[in-house]
Enquirer: 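Let me give you the structure first, and then I'll get to my questions.
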Amino acid sequence: MNVTPDLDTRFREAALREGLVDVRYDIVDSPVGDLFLAATERGLCRISYWPEGMEESLARTYGPRVLRSPLDDVHRELDEYFEGTRREFDLPIDLRVAPFHADVLAELARVPYGRTETYGSLAAKVGRPKAARAVGTVMHHNPIPIVLPCHRIVGANGSLTGYAGGLDVKLRLLQLEGAMLV
Amino acid sequence: MMGSVTQPIPPFERFYLEHRYEVLGYLRRLLGQRAEDAWQETFLRALRAYNRLQHARNLRSWVFTIATNVAMDELRVKPQPPADGVTVAELKRDAFRELEHLTGELPPTERAAVVLRYGYDLPYAHIADALGSSEEAARAAASSGVRRLRRTNERHA
């Protein structure tokens, strides 16, 4: 039996209007491939380069009422970023991470557009100068890459080390931002 | 003894994608043109209750139960008590296909019972939940519906 796109859209809009959704998500295309975006009523909570299994992951963290629905503001700011017309994101964020992660990600958010920083210096900024490796782990689990710019964090020798979206994507984002690379 | 494996509640999106077509089909059979509003109400009610689900068993029957409740509200009809001492009339699947177009002429409870039993293969225990009645009453409603379908069919023949 055919559920028309119009009927489908009306249901999704009614669900959001009534505040019945724990977390909404969408998958959008971008110059670096498909991006999985998710937000709660509080704000953007997830960006992933790998949509596979993300609905289940969201359900575990935010509750089972996971519904697909366009995230226009997030999509628009990302488009502007990829076009090079946006240097800072202006989106509310819903971060639910352990305290150390929260400290590191807050510091990460201050690393300016087009600049890089090392794991060690980020560690020093949160008062744990020897915790470069732990900072690496936080970057690896960054729930909102691109917006929380873990692509700007590089190894002490300037090497790109690693990235959830792949090193080619990390390089591409840094080149887009005009970062000086060693 | 083996412990039962607890399935996690699937994300609502999966549940919705899996059941939205057949629920609309079911409501069309019960309500005709009025099915779309009832369909939306069904999934909104499901969503309202979804974060309180205790387990992921029988989600299909669960959503048919909600759809039936919405349809019954729409038809403003209370389930009728079963008649005593009836023999149960059953249908073969092929026979149902031939009579299906006549289900619109059945009273709502019988219509829901017959469609759930023969159109969607739900067991009587689940149909009883859907109708808010006993299993006995669900069986009686389906049975009486089948009889009525056959009579209607003979009249039309």
Side-chain angles (χ1 to χ4, degrees), chain A residues 1-28 34-42 44-48 50-72 74-75 94 96 143, chain B residues 6-60 62-64 66-67 70-71 100-101 103-104 115-116 119-120:
Chain A
M1 195 56 60
N2 195 21
V3 175
T4 61
D6 179 53
L7 186 57
D8 177 72
T9 302
R10 268 189 286 147
F11 164 66
R12 291 174 193 276
E13 285 174 354
L16 288 166
R17 205 165 45 239
E18 283 197 34
L20 299 174
V21 178
D22 296 320
V23 57
R24 57 203 284 203
Y25 72 93
D26 200 10
I27 298 167
V28 301
D34 283 353
L35 293 176
F36 181 100
L37 317 174
T40 65
E41 286 196 326
R42 288 195 242 162
L44 178 65
C45 64
R46 203 75 79 84
I47 292 180
S48 174
W50 309 103
E52 232 63 22
M54 282 302 297
E55 289 97 333
E56 281 74 11
S57 165
L58 291 176
R60 283 193 296 274
T61 308
Y62 302 97
R65 298 180 304 177
V66 178
L67 195 68
R68 186 164 181 167
S69 157
L71 289 160
D72 293 334
V74 181
H75 194 185
D94 181 4
R96 301 189 197 180
Chain B
T6 321
Q7 258 181 292
I9 312 287
F12 185 85
E13 181 75 23
R14 278 197 209 299
F15 163 81
Y16 168 72
L17 293 181
E18 195 173 330
H19 299 297
R20 59 182 179 163
Y21 297 115
E22 59 175 359
V23 167
L24 184 58
Y26 172 58
L27 288 168
R28 285 245 166 87
R29 282 160 146 161
L30 295 187
L31 299 172
Q33 295 301 311
R34 288 178 291 170
E36 291 198 355
D37 287 346
W39 175 88
Q40 172 164 320
E41 179 57 23
T42 297
F43 280 100
L44 287 175
R45 283 191 198 178
L47 193 51
R48 279 181 210 122
Y50 204 74
N51 56 341
R52 297 193 304 273
L53 282 177
Q54 299 296 313
H55 58 76
R57 292 192 301 273
N58 299 331
L59 288 181
R60 181 166 182 261
W62 180 67
V63 73
F64 274 114
I66 299 171
V70 173
E100 195 181 350
H101 65 286
T103 50
V115 170
L116 287 172
Y120 294 91

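The chains referred to below are lettered A, B, ... by the order of the sequence lines, with proteins before strands, and numbering in each begins at 1.
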Enquirer: If I measure from the heavy atoms of chain A, does B/F15 come under 4.5 Å with its side chain, its backbone, both, or neither?
Expert: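 Looking at B/F15, nothing touches chain A.
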
Enquirer: How long is the span from the CZ atom in B/R52 to the CZ atom in A/R65, to the nearest 0.5 Å?
Expert: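 Nearest 0.5 Å value for the CZ-CZ distance: 8.5 Å.
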
Enquirer: Distance check, rounded to the nearest 0.5 Å: A/R10 atom CZ versus B/Q40 atom CD?
Expert: 6.5 Å

Enquirer: What pairs with A/R12 under side chain to side chain donor-acceptor pair (under 3.5 Å), at least two apart in sequence or on another chain?
Expert: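 Applying side chain to side chain donor-acceptor pair (under 3.5 Å) to A/R12 gives A/D8, B/E13.
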
Enquirer: For residues 35-42 of chain A, give me every residue with a non-hydrogen atom less than 4.5 Å from any non-hydrogen atom of chain B.
Expert: none

Enquirer: If you count heavy-atom pairs under 4.5 Å with chain B, which of A/V23, A/L20, A/L58 comes out on top?
Expert: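 Among A/V23, A/L20, A/L58, the one with the most close pairs to chain B is A/L20.
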
Enquirer: Looking at every non-hydrogen atom in both residues, tell me the closest pair between A/P64 and B/N51 and how far apart they are.
Expert: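 In terms of heavy atoms, the two residues are closest at CG-CA, 3.9 Å.
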
Enquirer: Taking side chain as everything from C-beta outward and backbone as N, CA, C, O, which of these in B/P10 sits under 4.5 Å from a heavy atom of chain A? Side chain, backbone, both or neither.
Expert: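 Interface part for B/P10: backbone (N, CA, C, O).
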
Enquirer: Parallel, tilted or perpendicular, judged at 30° and 60°: which one describes the rings of B/W39 and A/F11?
Expert: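 The arrangement is perpendicular - the two ring planes meet at more than 60°.
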
Enquirer: To the nearest 0.5 Å, what is the distance between CG (A/L67) and OH (B/Y50)?
Expert: 11.0 Å

Enquirer: Indicate the atoms forming the closest heavy-atom contact of A/E18 with B/L44, along with that distance.
Expert: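 Heavy atoms of A/E18 and B/L44 come nearest at OE2-CD1, 3.7 Å.
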
Enquirer: Side chain, backbone, both or neither: which part of B/L17 has a heavy atom under 4.5 Å from chain A?
Expert: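 Side chain only.
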
